[in-house]
Amino acid sequence: MANASSISRSLRRSLAPDDLHRLLLQRSRAFVTAECHRPVVLHKRGPDILHDPWFNRGTAFSMTERDRLGLRGLLPPSVVSSQQQIDRFMGDLKRLEQNARDGPSDTYQLAKWRILNRLHDRNETMYYKVLIDNIEEYAPIVYTPTVGAVCQNYSGLFRRPRGMYFSAEDRGEMMSMVYNWPADQVDMIVVTDGSRILGLGDLGVQGIGIAIGKLDLYVAAAGINPQRVLPVMIDVGTNNEKLLKDPLYLGLQEHRLEGEEYVEIIDEFMEAVFSRWPNVIVQFEDFQSKWAFRLLQRYRKTYRMFNDDVQGTAGVAIAGLLGAVRAQGRPMIDFPKQKIVVAGAGSAGIGVVNAASRTMARMLGNNEIAFESARSQFWIVDAHGLITEERVDIDPDARPFARRKSELTHQGLNEGASLIEVVKKVKPDVILGLSAVGGLFSKEVLEALKDSSSSRPAIFAMSNPTKNAECTPEEAFSIIGETVVFSSGSPFDDVDLGDGKIGHSNQGNNMYLFPGIGLGTLLSGARIVSDGMLQAAAERLASYMKEEEVLQGIIYPPTSRIRDITKEVAAAVVREAVAEDLAEGYRDMDARELARLSEEETVDYVKNNMWNPVYPTVVYKKD
Ligand SMILES: NC(=O)C1=CN([C@@H]2O[C@H](COP(=O)(O)OP(=O)(O)OC[C@H]3O[C@@H](n4cnc5c(N)ncnc54)[C@H](O)[C@@H]3O)[C@@H](O)[C@H]2O)C=CC1
Ligand SMILES: CC(=O)C(=O)O
Ligand SMILES: [Mg+2]
C-alpha cells in the first residue's frame, strides 16, 4: 500500500513546494482511506460475530454480509444504517427520561427487564438461577404483563438479537438458513408471526419478545436446557400502520402476506426445522385466530406441535372451571351443570369452549345427547353480541356453539344480545373473558352476576396484559362480595376484604400448562401432541389444588410452585402418551421402559431430566 513516505527522492526534487505539499496530503488521505477499507479477516461466523463487540454491527450488516458470514436469519430482516442505529438508541434513551419525568409507569418494569436481559446476554446460568429463585417477582417481567410492553417497544429496546427470524424474503432459503443456528440439538421452538401479541394486536417482527418470554418459562418451569430452545419470528409483514410508517421498525415494511403465499412460508419453515431437528417440538404462539385454527389442523397430525393459545389456554380454563365447581363445595362431576358465558370468540375463546364442552360431554357419557347437552351450557358473546344461528357470516369455528333459535325465545334473548342482557337472562355460574377488552366486565355486568344461580359465581378475566383484563379483583370483590372466585390472565395482588379476610386473586394463564405439555411430549418421545395428552395435563392441574385451597377460592397454584406443578403435568402427559401408544421413548428410556414406570417413578424420571442452573465443570480440549 502506498504511503506518504513512498514518494521518491527524484519526484520530491522535481516538484514545487506547494505541489509537493498537495501530493503529500493526497497520498496520506488515500492511505487512511485504504486502511479503513482494508478487509478485516474474520476467523468466526454466525453468532460468534454477533457476540463479539468489536466486529458486531447488528442490524447494520448488509444482506450480502449476512449471507457471507452465516448471519441470515439471526437478525431481524430490516437492514438499517449506522445513523438509524444511533437514532434508535437515542430515541429509546430519551423516551426513558421522558417517562421517568411523567412518573412511574411501564418504565420501571421495562428497566427491570433491561437489567435482566443484560444478565441473560452475559451469563445464562446466573440469569435462570435468578429467575427460578424469584419466579413470582420476575415472571411478570419476562412474561405478561411486561413482555407486552417489551414487544411494543422492541425496536427501541433491541440491542442483541435472540432467536431466529424467517421472513418472506427468505423463501427458498430456509432449509439452509436453519444451519446458521449454532445448536445441533433443539428441543423446543416457540414460533409467532406477531399478528396478535397478547391482547395488543399486530406487532409484526416485534412479537419475537413473546416467543423469548415463553421460552424463559420453558427453562425456568420445565427445566428445558436453555441451550436447546429457539425463539422464532416469521415475518410476513404487518398490518400495523404505525409500524409501517416508523423508519426505525426492524421488520419487513410491507402489508402481511395472505392466502396460499402465507401458508407456503409456514410450510417451508416447518419442513426446514423438522429436517434439521427431527425431534423438536414447535409451540405456535399468538397467531391471529384465523391462522391459529387452520395451521393447527394442518400440522397437528404430522408434526410434534401444538397451539398454546387454543390448546394450552383451554386446558388451564378447564382446570380453573373444575376448581370453581369444587369451590362451591360440589364434586367435579357437577361440571356439566354449570352455565358459562364466554366473552370473546377468537382462538382462545373458541378453544376453551371446544375443550370444556368435550370435557362435559365425556362426563355425561360421550354420546350425541351428551355433546348436545354440553353445548347448551355455553353462551358466546363476541364484538357483535350473542352468537346465534341467525348470525350472518358466522365464523365456522363458532358455529357449533351458536345458540339455537328455539332456545332464544325461551330465554328471551336475540341474535347480538349484549353481554349485560345475556348475564341478566342466563344468570350464569361463570363469566369468562377472552376478548382483549379491558373493563368489559363493567359495574353493570358484575351487578347482573350477583343474581347468578351459583352460590359462588366465578369470574375469569383472562385477557392480557393487565390493562386488558375484563375486570380487576377489587371490582369483582367489591361489587359481588367475598363469595366470588376470581382469576385473571396477568397477575393481580390479593384483595384485603377486612376482618382478616382475603379475596384471592388467581392467575389463570396458560403458563401453568404449556411448559408441562412440552416437557411431557419431549420425555415421552410422542410423535404428536394428542387431545388425550392435553386433557391429562388439564386434569392434573385441576387435581393439583387441595380441597382446602379451592374452598378458599384458590383455584390455581401460586407462580412460586410452577416448577413443581410443571413436573406433575409433564408426568401426566408422559403417562397418557404411553397409554395411547404414542410414546417412542427419550434417550436411554425406550417406550417399553417408559411403560414399566409407576406413577411415582414417572414423576422422578421427569424431575431427573429437568435442567438446573448450576455451573458445569469446564475443561479445555485442543481441536
Ligand atoms: N390467560 C391466558 O392464558 C390467555 C389469554 N389470552 C388472551 O385472550 C385475548 C384474546 O385472544 P384471541 O382469542 O386470540 O384474540 P382474538 O382477537 O382472535 O379474539 C378476540 C375476540 O373478542 C371479541 N370481542 C371484541 N370486543 C368484544 C366485546 N366488546 N365483547 C365481547 N367480545 C368482544 C372479538 O369479536 C373476538 O371474537 C387476548 O387478550 C389474549 O391475551 C389468550 C391466550 C391465553
Ligand atoms: C397468555 C397468552 O398466551 C396470551 O395472552 O396470548
Ligand atoms: Mg399467547
Side-chain angles (χ1 to χ4, degrees), residues 139-140 143-145 147-148 151 190-203 207 209-211 213-214 217 283-293 296 306-320 341-355 379-387 391 393-395 397-398 401 416-423 431-442 445 460-471 487-492 506-515 517 538 541 556:
Y143 188 52
T144 186
V147 75
C151 291
V190 175
V191 60
T192 182
D193 70 354
S195 54
R196 189 286 277 151
I197 297 299
L198 304 175
L200 302 168
D202 182 348
L203 295 182
I210 194 72
K214 292 269 175 183
L217 290 191
Q283 170 169 322
F284 277 58
E285 192 67 45
D286 289 6
F287 283 68
Q288 57 183 315
S289 296
K290 67 174 183 183
W291 289 121
F293 289 118
L296 180 60
F306 67 101
N307 181 300
D308 181 38
D309 299 292
V310 178
Q311 298 168 300
T313 313
V316 163
I318 291 172
V341 171
V342 176
S347 64
I350 294 295
V352 167
V353 176
N354 252 317
W379 286 258
I380 306 181
V381 178
D382 72 356
H384 308 289
L386 180 66
I387 300 181
R391 173 76 60 102
D393 290 337
I394 189 165
D395 184 338
D397 298 306
F401 302 100
S418 71
L419 180 62
I420 298 181
E421 273 180 87
V422 175
V423 175
I431 57 174
L432 187 150
L434 284 161
S435 65
V437 180
L440 181 67
F441 296 165
S442 60
V445 172
F460 292 77
M462 293 181 79
S463 291
N464 296 314
T466 313
K467 72 177 175 61
N468 287 1
E470 282 78 5
C471 70
S487 85
S488 55
S490 297
F492 280 95
N506 298 278
Q507 189 172 3
N509 190 293
N510 51 29
M511 70 189 199
Y512 285 117
L513 280 193
F514 71 77
I517 294 170
L541 176 59
Y556 292 112

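Counting starts at 1 for both ligands and their atoms, following the listed order.
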Could you check [atom] against the protein and tell me its nearest heavy-atom contact, residue, atom and distance included?
atom	answer
atom 3 (O) of ligand 1	Asn510 N, 2.9 Å
atom 26 (N) of ligand 1	Val437 CG2, 3.4 Å
atom 5 (O) of ligand 2	Asn464 ND2, 2.8 Å
atom 19 (O) of ligand 1	Gly346 CA, 3.4 Å
atom 8 (O) of ligand 1	Leu434 CD2, 3.4 Å
atom 9 (C) of ligand 1	Ser463 OG, 3.7 Å

Where on [X] is there a heavy atom closer than 4.0 Å to ligand 2, on the side chain, on the backbone, on both, or on neither?
X	answer
Met511	neither
Asp309	side chain
Asp286	side chain
Thr313	neither
Phe514	neither

Proximal candidate to [atom] [heavy atom criterion; set [options]]:
atom	options	value
atom 34 (C) of ligand 1	Gly438, Ala383, Ser490	Ala383
atom 13 (O) of ligand 1	Ser418, Gly201, Ala348	Ala348
atom 43 (C) of ligand 1	Thr313, Asn307, Thr144	Thr313

Enumerated ligand 1 atoms positioned under 4.0 Å from heavy atoms of [X]:
X	value
Gly489	1 (N)
Ala345	21 (C), 36 (C), 37 (O)
Ser289	14 (O), 16 (P), 18 (O)
Gly199	38 (C), 39 (O), 41 (O)
Val381	31 (C), 32 (N)
Leu440	28 (C), 29 (N), 30 (N), 31 (C)
Gly508	1 (N), 2 (C), 3 (O)
Gly344	21 (C), 22 (O), 23 (C), 32 (N), 37 (O)

Would you say ligand 1 has an N or O under 3.5 Å from any N or O of [X]?
X	result
Arg196	yes
Met462	yes
Asp309	no

Check your understanding: Cut-off 3.5 Å, side chains only: do Glu470 and Ser463 have a donor facing an acceptor?
Key -> yes
Between atom [atom1] of [X] and atom [atom2] of [Y], what is the distance when rounded to the nearest 0.5 Å?
X	Y	atom1	atom2	value
Gln283	Gln311	CD	CD	10.0 Å
Glu285	Asn510	CD	CG	6.0 Å
Asn509	Ser487	CG	OG	10.0 Å
Met462	Ser490	CE	OG	10.5 Å
Tyr143	Ile210	OH	CD1	6.0 Å

Side-chain donor or acceptor of [X] paired with backbone N/O of [Y] under 3.5 Å:
X	Y	value
Asp395	Asp397	yes
Ser488	Phe460	no
Ser347	Ser289	no
Asp193	Phe287	no
Asp309	Asp286	yes
Ser195	Gln288	yes

Point to revise | Pro465 versus Leu198, closest heavy-atom pair with distance | key: CD-CB, 4.0 Å
Point to revise | Test side-chain contact (heavy atoms from CB on, under 4.5 Å) applied to Val341 and Leu386, Ile431, Ile380, the passing residue | key: Ile431
Point to revise | Tyr143, any N or O under 3.5 Å of ligand 2 N or O | key: no
Point to revise | Any N/O pair Glu285/ligand 2 closer than 3.5 Å | key: yes
Check your understanding: Could a heavy atom of Val316 be found less than 4.0 Å from some atom of ligand 1?
Key -> no
Exercise for review: Report yes or no: does Leu198 have a heavy atom closer than 4.0 Å to ligand 1?
Suggested key: yes
Practice item. May I ask you to say whether Asp382 pairs ionically with Arg391, meaning some side-chain N is under 4.0 Å from a carboxylate O? Key: yes
N, O or S atom within [X] nearest to the Mg ion (ligand 3), by name:
X	answer
Asp309	OD1
Glu285	OE2
Asp286	OD1

Practice item. Classify the angle between the aromatic ring planes of Tyr512 and Tyr556 as parallel (below 30°), tilted (30 to 60°) or perpendicular (above 60°). Key: parallel
Point to revise | Candidate pair Leu217 and Phe514, rule side chain to side chain contact (heavy atoms under 4.5 Å, CB included), full reasoning | key: CA-CA 9 Å; Leu217 290 191; Phe514 71 77; 4.0 Å; yes
Exercise for review: Measure the distances from the heavy atoms of Asn510 to every atom of ligand 2 and state whether one is below 4.0 angstrom.
Suggested key: yes
Check your understanding: For Leu440 and Val445, what are the C-alpha separation, side-chain angles and deciding distance, and is it a side chain to side chain contact (heavy atoms under 4.5 Å, CB included)?
Key -> CA-CA 8 Å; Leu440 181 67; Val445 172; over 6 Å; no
Exercise for review: Before giving the answer on side chain to side chain contact (heavy atoms under 4.5 Å, CB included), spell out for Asn354 and Phe401 the whole-Å C-alpha distance, their side-chain angles and the decisive distance to 0.1 Å.
Suggested key: CA-CA 9 Å; Asn354 252 317; Phe401 302 100; 3.7 Å; yes
Practice item. Enumerate the atoms of ligand 2 whose separation from the nearest heavy atom of Lys214 is less than 4.0 angstrom. Key: 1 (C), 2 (C), 3 (O)
